[in-house]
Amino acid sequence: MIDSAIPEHLRCTRTRPANTPADFQPPYPSYSVRFPERASELVMAIIGAQYKTASDADGAARLTLSAFLTAPTSPPSFFEWASVTDNKGFYNISTLAYWPSKAAYEAWAEQSGFREWWQGLKPEGCRHGWFLEVFFPTMDRLETLFNTRETPEGCAHMREDMSRAVQEHGYWGSMRDRLPASQTDALTGAKATAGDFNGPQTTLTCSSEDVIVGRVSIPGKKNLAVIRSGQDWLDTSPEERKLYLETMHPVLTKGMDFLRDHGDEVGCYSCRFMDVVDPATAKAHKDRTFGLAYFDDLASLERWCKEHPTHLAIFGGFHQYARKLQNNVTLRVFHEVMVLEPAQQLFEYVACHSGTGMLVKY
Ligand code: HEM
């Protein structure tokens, strides 16, 4: 029996119609995470360090953050590490950590000593940059989609269960239909304007290419849309792995490069195409990646997916891929999308370059 991506306790009478075509039958199964009914929100934090080059990363930042993350009081329910070299050549390594509530995150930040340490960071004394991006979505502002029920990713590590196969996927506009808040709210954002994409105001050092800014907090934006879209080809057969690496990975990289370098053309503030890092070796896995992107409006994200040649190539490539494998796909894909009120976002940067995250666009 088909399920709705919106759990029963968050369903209400729609004042905004769903986009589902009449008599729509999803062409393949996909699933959404089910959280305990009592959960009213969750927290996702991206906490990281930024180095001029990968060889400058000596592991000290990871050790410092790990000590906080494994503190006994209210540690995250789940965390992992990921890295990316950005378009200025800087190497960024960050944790992605999840808590089941804002209260749990606050208790951790306070009692692990993280908050005191973070507030005491002096940009002038930092050998490298630090960044803190935290999202506090209420459950009505979060949706997830997985092509498998078995392997959790991201916030699914806090799941109570996975849904049965859901109705709202496989057509454009289904992401919006999976968001409980969209039943009654257009979730319109504040469109990014040219001024948003100007450089920062306070500089710490400035070389010919890089402007390193001091300590900057960026206010949240109305209905900012955040997507983490992951790919895991760890368990693929040699044949599927080859096909993924030769046909899907290159188009995905192209799409992520476009959002990173030309995101302002489509309302994307920031895009990082990250490799999940093996906790034992501190090296990138190279078989698990995700795109982490921030858009000014859910509609901008929808438009990029539906109209831009880069996601159309990813999307079209995936269907050819599935056909070649006679639908025997072992590649795991998932995404989590949040549409956030300003008060549900926190952005702070210390001694980072001016193109980092939301920094360049304030
Ligand atoms: C939707 C493929 C990467 C953003 C979809 C769908 C497919 C797909 C098949 C339709 C899903 C459904 O409703 O059943 C892929 C593949 C990817 C990939 C194979 C990588 C290998 C990404 C990335 C992003 C992204 C990196 C953004 C950072 C989206 C969004 C939707 C979507 C927002 C929902 C569109 C809507 O319902 O209006 N993608 N995608 N995708 N994709 Fe991708």
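Counting convention: from 1, in listed order, for ligands and their atoms alike. One is the number of the first residue; the rest follow in order along the sequence.
The backbone and the side chain of His169 each have at least one atom closer than 4.0 Å to an atom of ligand 1 (non-hydrogen atoms only). Counting heavy atoms closer than 4.0 Å to ligand 1, residue Tyr28 contributes side-chain atoms (C-beta onward) but none from N, CA, C or O. Contact annotation for Leu259 and ligand 1: no heavy atom of the residue comes within less than 4.0 Å of the ligand. With a heavy-atom cut-off of 4.0 Å, Phe295 does not touch ligand 1 at all.
Of all protein atoms, those that are N, O or S and lie under 2.8 Å from atom 43 (Fe) of ligand 1 total 1.
Of all atoms in ligand 1, listed by their number and element, those nearer than 4.0 Å to a heavy atom of Met256 are 26 (C), 28 (C). Close approach of ligand 1 to Trp304 is summarised as follows: ligand atoms under 4.0 Å from at least one heavy atom of the residue are 24 (C), 27 (C). For ligand 1, the atoms lying closer than 4.0 Å to a non-hydrogen atom of Met175 are 33 (C), 34 (C), 36 (C), 37 (O). Atoms of ligand 1 found under 4.0 Å from any heavy atom of Met248 (numbered from 1 in listed order, with element): 19 (C), 21 (C). Residue-ligand proximity, Tyr171 to ligand 1, at heavy-atom distances under 4.0 Å covers atoms 37 (O). For ligand 1 and Gly170, the ligand atoms under 4.0 Å from any heavy atom of the residue are 12 (C), 13 (O), 14 (O). When each atom of ligand 1 is checked for a heavy atom of Gln231 under 4.0 Å away, the hits are 20 (C), 21 (C).
In this structure, CZ in Arg11 is found 4.5 Å from OG in Ser4, a value given to the nearest 0.5 Å.
With sequence neighbours left out, Glu160 forms a salt bridge (charged side-chain N to carboxylate O under 4.0 Å, His left out) with no residue at all.
Defined by atom type and a distance below 3.5 Å, a donor-acceptor pair is missing between the side-chain atoms of Asp297 and Ser300. For Asp177 and Tyr171, the side-chain atoms include at least one donor-acceptor pair closer than 3.5 Å. Under 3.5 Å, the side chains of Thr20 and Gln167 contain no donor-acceptor pair of N or O atoms. Using modelled atom types and a 3.5 Å distance limit, the side chains of Arg241 and Ser237 yield no donor-acceptor pair.
Geometrically, ligand 1 and Leu145 share no nitrogen or oxygen pair separated by less than 3.5 Å. For the pair Leu252 and ligand 1, the shortest N or O to N or O distance does not fall below 3.5 Å.
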Discussion item. Does Glu168 form a salt bridge (charged side-chain N to carboxylate O under 4.0 Å, His left out) with Arg176? I'd like the steps, not just the answer.
Written reply: CA-CA 9 Å; Glu168 303 92 343; Arg176 184 178 291 271; over 6 Å; no

Discussion item. Is there a salt bridge (charged side-chain N to carboxylate O under 4.0 Å, His left out) between Asp275 and Arg288? Walk through the geometry before answering.
Written reply: CA-CA 6 Å; Asp275 291 308; Arg288 279 180 69 213; over 6 Å; no

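For Arg127, the CZ atom is loosely surrounded, since the number of other residues' heavy atoms within 6.0 Å does not exceed 12.
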